[in-house]
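Inspection log for the structure reproduced underneath, given as structure tokens.
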Amino acid sequence: MDRVTLTPAATAVFATVLTRGPISRTEVSRVTGLSTAAVTKVVRPILAAGYLDELPVGRASAGSGRPAAPLAVRADREFFAGVWLRAGELVVVLADLRAGVRAAHRIPLPGTSVAAVVAAVARAVAVLGAPGALVRRVGVAVPGEVDRGSGIVRRGPYPGWRDVPLAALVREATGLPATVENDVRALTVAEQWFGEGAGTRSFALVTVGEGVGCGLVVNGALVEGGYGVAGEIGHVPVDDTGPRCHCGGRGCVEAIAAEPAVVARIRAATGRAALDLPGAVALARTGDRAALESFAAAGRAVGRGIAAMVNMFGPEKVVVTGDGVAVLEKDLRAAYGPQAFGAAGGCPLIVEPLPPESWARAAAAVTIMALIGLGPG
Ligand SMILES: [Zn+2]
């Protein structure tokens, strides 16, 4: 951050204003546990550097008799590129300091070699303007195993990708600081700070797509897992007579509910070999029995997997997202309810389809949080 070195107290204050602003200093003090004098001291250099605004004075703050000018983050103080790597293309957004999306593009991916992908990321960032002129940092979200601390992609998303130092390569290609994070964890961070998870201490995000993924926030911290693997509800077994899973197990949520599994069942039942997911969703909407049953099976599997996760981690709420989730929702909720233990049955499930740009925005959110001292990079 320009001219401001953030102490842990400053990071806590900035994060509070970012996610809850406009907010008074008194309220920041209550949320962070710092004294109001400490908050005022911490805020002064951040205000001076232009990252925060004092909004017009509203009502007088309780007790002090002095007017309370609410604090808000100045959204256009810095801009960020968020890039999501997926099959065949990159999705890129220009995000402001409050993770608001100002522009979005898609860039075709000419190849999947490390050099081709890094060059495409650099082109995607350049589309947003000369690096450094407007965009100050780059966040990349990757399906696959990522060590966020070192910025190394351990495995995937493209054939042959093993231990790729992607953050360092993107830094070299763009001249900008870069973060790399697994895409499901990035989306969890975005929802934690800027979405449904804001203001919660414990929160879970479940994604249903090519696979079934889950990001967990427990006591305010993203769960990384001792082996970089945690919250893999895709591999919770829910049917011991179910299909074999690519992980080696049987009857995993993912083997039943991932998009390829749902579509394969409908293809087999209807003989429509060229059916894709949008076609399958459309077929279900016409009332086709095979399509409805395939989505229902997926909904039941995801619902049971979520119940297992909620019973173990007790999130305050769960967001479920993916292209076909609206079709799963009824069966998902019906399977979840009876399996959720006690008061956990009251944990709200929020089912929301998100556009591909949400994943790129999530990549930007990770690099915003890194800028203010939350996370490496
Ligand atoms: Zn599995």
Side-chain angles (χ1 to χ4, degrees), residues 85-87 141-147 153-162 181-188 204-218 222-269 276-277 280 293-313 315 318-325 327-329 331-336 338-341 349 351 359:
L85 305 190
R86 65 191 306 208
V142 182
E145 284 182 39
V146 175
D147 178 347
V153 177
R154 293 286 175 209
R155 188 183 291 261
Y158 305 117
W161 277 49
R162 292 278 188 282
E181 177 59 292
N182 163 268
D183 58 357
V184 174
R185 288 203 301 239
L187 199 57
T188 307
L205 174 103
V206 174
T207 61
V208 184
E210 286 290 313
V212 177
C214 177
L216 287 171
V217 172
V218 176
L222 186 69
V223 176
E224 305 270 357
Y227 302 93
V229 174
E232 284 289 341
I233 72 165
H235 300 284
V236 171
V238 290
D239 179 359
D240 59 12
T241 62
R244 279 266 171 223
C245 180
H246 64 83
C247 74
R250 180 183 285 283
C252 296
V253 171
E254 187 164 299
I256 299 166
E259 285 167 8
V262 171
V263 173
R265 280 195 299 273
I266 305 174
R267 283 179 184 165
D276 59 4
L277 185 76
E293 179 42 43
S294 185
F295 279 107
R300 289 193 295 271
V302 175
R304 288 181 192 133
I306 292 175
M309 180 270 289
V310 166
N311 291 345
M312 283 193 282
F313 293 100
V318 178
V319 171
V320 188
T321 188
D323 285 343
V325 285
V327 196
L328 309 182
E329 182 169 356
D331 294 283
L332 187 158
R333 289 187 188 279
Y336 165 74
Q339 293 292 325
F341 181 74
L349 299 185
V351 177
W359 297 87

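Residue indices begin at 1 and follow the sequence shown. In listed order, ligands and their atoms are each counted from 1.
Results of the side chain to side chain contact (heavy atoms under 4.5 Å, CB included) test with Leu332 over Val302, Val325, Val327 single out Val302 as the only residue that passes. Among Ile306, Thr207, Leu328, the one residue that satisfies the side chain to side chain contact (heavy atoms under 4.5 Å, CB included) test with Val320 is Ile306.
Side-chain contact check for Glu254 versus His246: some heavy-atom pair is nearer than 4.5 Å. Leu187 places a side-chain heavy atom less than 4.5 Å from the side chain of Thr321. Within the 4.5 Å cutoff, no side-chain heavy atoms of Leu216 are placed close to those of Thr188.
With a cut-off of 2.8 Å, the protein N/O/S atoms near the Zn ion (ligand 1) add up to 4.
A salt bridge does not link Glu145 to Arg154: none of the charged nitrogens lies less than 4.0 Å from a carboxylate oxygen.
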